[in-house]
Amino acid sequence: MLKESESKVSLSRRSFLTGAAVLGAGAAMAGLAGCSSGGDAAKPAADDVAAEPAAKSAATEDAAVLGQQPWEIAPEPITDDQIVETIDCDIAVCGAGIAGLPGVALAAENGANVHVLEKAGTYSTARLCTCGFNAKCQTDNGITYDRDKFITDVWKITNGSQGRMSSYGKWFDNSAPYIDWLQGVCQSVGCDIIPQQVTGFKVTNDGVGQVGANEFWATYAAMIYFVDKDGKTLADGVNVDWTGILADYATDKGATIHYNTPAVQLVRDESGRVTSVIGENEVGEYIKINASKGILLACGDMGGNREMMGYYNTSLLKTRSVAETKNTGDGQMMGMWIGADMDDFAAGDLFPFVAVDQTGERPTSPDAKSYAAVANLPVFMVDNTGRRLMPEDLPFQACSVPKITATADGSAWSVWDSAWQEKFPEGFPAGDYLSENSPEQIEIDIKNGVTIQADTIDELADKMDVDPDIFKEQLDRYHGFCEAGKDLDFYKNPLWLTTIDTPPFYASRHVVSITSTRGGLRNDERCRVLDKEGMPIPGLYVAGNTAGSFYGNVYPPNVMGSGIGHGQCFAWLAVKDMLGMEYI
């Protein structure tokens, strides 16, 4: 066990990166906004503005003098005479969300007196799945994963940036016990869980078992779906309210959830231990929760605070918000105020093919899909200059990364011709819950302005507003690869090397949407928050999107569901650590 150490507050080591353009238009995608606090309604974010950091009390000028950002400056301490109620308990959890609730449920199940501070008026909306490896529901169906390959692949995908291989191993080893426990909770109320492979349903292109998938890109489709009491899953169009199951399970076993009461301040005693957390209820009164065994920060991400998000990753400012969110980095800020260290980078949970018109707006027509027909398939893809951008057969979210890191505006164009159905490999994806790849949908997309049609390549380049010389040179080079059967620039699977030579021609512009950020307070393999000297802050734990030390500047897009899966598992482990329970 590491020796507990009192940390010292130090000045910021970073200087703010400027010059990123904020794209204001939103892209709402149903079912993807569950990482925001409960009750958030998905809506276009055309009117988004940079959110003010929560509990910001120091002037920007004062922050600049100290070499810190405004959100790093601690507010004045809330004194005991301002507290209207004090609660003594074993464990306090900040956030009744996707990550926090498994920890709350486990604590209550084991007889701990646990209190939860939740910013919203209800528990968080359920996302589509969880994720784990070699759980009973998987091995019973012949699905297994190799530990060595998984850990080294994830290390390669993320370049080892910020994440520790030991943390990947900690998740891999403990995800099966966690998922088995979660299955027991679900079964206790007549529900269940099931691996994605058993249903055969894919929420989006994951590159696994699909025609034209490229073995170059290591993929882990370890998503696990929830099953309702009638046996229906996401494959049947049912997104099970599994966060509600966990919230009810926890409260039935004695947990207390204080809704509409965000955590606003941590209290650290003279020994250096974090002993209490203060919440502010809906009438502006402060309550103080003293937690003898520990406090878990699971307050969500910082996607609702674009100033803070952009500071930790300027590329994310090129994304579009999926929905309004109450997650504004509150947990990260509370940690920094008492001496915790932060990741250098934040990653985004990104979806790459949101269709927009020439002005960057999403169509409002009810027949519009989030993704334009064909545009999310591995067709010829260029940036706003007409230059080819990426290996177009990257799986799942991976196409998001070059679009926000290697383009000026975070957008790209997909290009194909009218003979696409005959040219594409037999069995190409007909669509998913975000798209429909059909001639009929193409016509709808043209009507809605997200797909353009032209009779010549010159006309197409003109309508796309790309440089015609660059575009035609890149297309000629691509056609050479099609003829040779080998893509010497990006090594796309030859099955998807199809020429664009049969008029009329089509192109569709798409942008990247963001559901949440990944990145936050540094922590060790026991989920204990670290100070700026790398030592654990006694009594303080972190998990979910408030936690750092797992992702670099990109979400590992080839590991589907990792944000939910590892966030839940680590919150579960944090509570085990507080209670002195054994784990791997």
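Given the structure is predicted, the values throughout are model-derived calculations rather than measurements. Side-chain atoms are counted along with the backbone in the values below, which use heavy atoms only and exclude waters and symmetry mates. When a residue number appears, it is its place in the shown sequence, counting from 1.
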Test item: side-chain donor near acceptor, S516 and R518, under 3.5 Å: yes
Mind checking ring-ring contact (aromatic ring centres under 6.0 Å, His included) for F150 and listing every partner two or more places apart, or none if nothing turns up? F133, W171, F172, Y220
Donor-acceptor pair, T546 side chain versus V542 backbone, under 3.5 Å? no
Can you tell me if T243 uses its side chain to pair, donor with acceptor, with the backbone of S124 under 3.5 Å? yes
Evaluate S167 against E525 for side-chain hydrogen bond (donor to acceptor under 3.5 Å, both in side chains), listing each step before the verdict. CA-CA 6 Å; S167 293; E525 291 82 0; 4.5 Å; no
Main-chain N/O of N134 paired with Q138 side-chain donor or acceptor, under 3.5 Å: yes
Can you name the one residue among N523, L296, D531, V529 that meets side chain to side chain contact (heavy atoms under 4.5 Å, CB included) with L540? V529
Salt bridge (charged side-chain N to carboxylate O under 4.0 Å, His left out) partners for K156, two or more places apart: none
Within the side chain of Q162, is there an N or O that forms a donor-acceptor pair under 3.5 Å with the backbone of D344? yes
Does K119 pair with D330 as a salt bridge, N-O distance under 4.0 Å? yes
Can any side-chain N or O of K170 pair as donor or acceptor with the backbone N or O of I584 at less than 3.5 Å? yes
Does one side chain, of Q568 or T130, offer a donor that lies under 3.5 Å from an acceptor on the other? yes
The criterion is ring-ring contact (aromatic ring centres under 6.0 Å, His included); which residues satisfy it with Y555, sequence neighbours excluded? Y551
Could you pull out all residues at least two apart from Y168 that satisfy ring-ring contact (aromatic ring centres under 6.0 Å, His included)? F550
side-chain hydrogen bond (donor to acceptor under 3.5 Å, both in side chains) evaluation trace for D301 with N327: CA-CA 5 Å; D301 66 297; N327 294 337; 3.0 Å; yes
Sidechain N-carboxylate O distance under 4.0 Å for D90, K293: no
Using modelled atom types and a 3.5 Å cut-off, is there a donor and acceptor pairing between side-chain atoms of S188 and backbone atoms of C186? no
For D81, salt bridge (charged side-chain N to carboxylate O under 4.0 Å, His left out) partners two or more places apart: none
Salt bridge check, D140 against K136: does any charged N sit closer than 4.0 Å to a carboxylate O? yes
Enumerate the salt bridge (Lys or Arg N to Asp or Glu O under 4.0 Å) contacts for residues 223-242, please, sequence neighbours excluded, ordered by first and then second residue. none
Does the pair Q397 and D349 meet the rule for a side-chain hydrogen bond (donor to acceptor under 3.5 Å, both in side chains), with working shown? CA-CA 8 Å; Q397 302 181 20; D349 187 358; 3.0 Å; yes
Look only at the side chain of W242 and the backbone of R127, and say whether a donor-acceptor pair between them is shorter than 3.5 Å. yes
Ignoring hydrogens and geometry, is there a side-chain-to-backbone donor-acceptor pair from Q265 to E76 under 3.5 Å? yes
Walk me through it: do E109 and W181 pass the test side-chain hydrogen bond (donor to acceptor under 3.5 Å, both in side chains)? CA-CA 11 Å; E109 178 184 86; W181 171 87; 3.1 Å; yes
Residue pair Y583 / D577, side-chain donor-acceptor N/O under 3.5 Å: yes
Check the pair M302 / T328 against side-chain contact (heavy atoms from CB on, under 4.5 Å), numbers first and verdict last. CA-CA 4 Å; M302 58 181 115; T328 51; over 6 Å; no
Output yes when a side-chain donor or acceptor of D180 lies under 3.5 Å from a complementary backbone atom of A135, and no otherwise. no
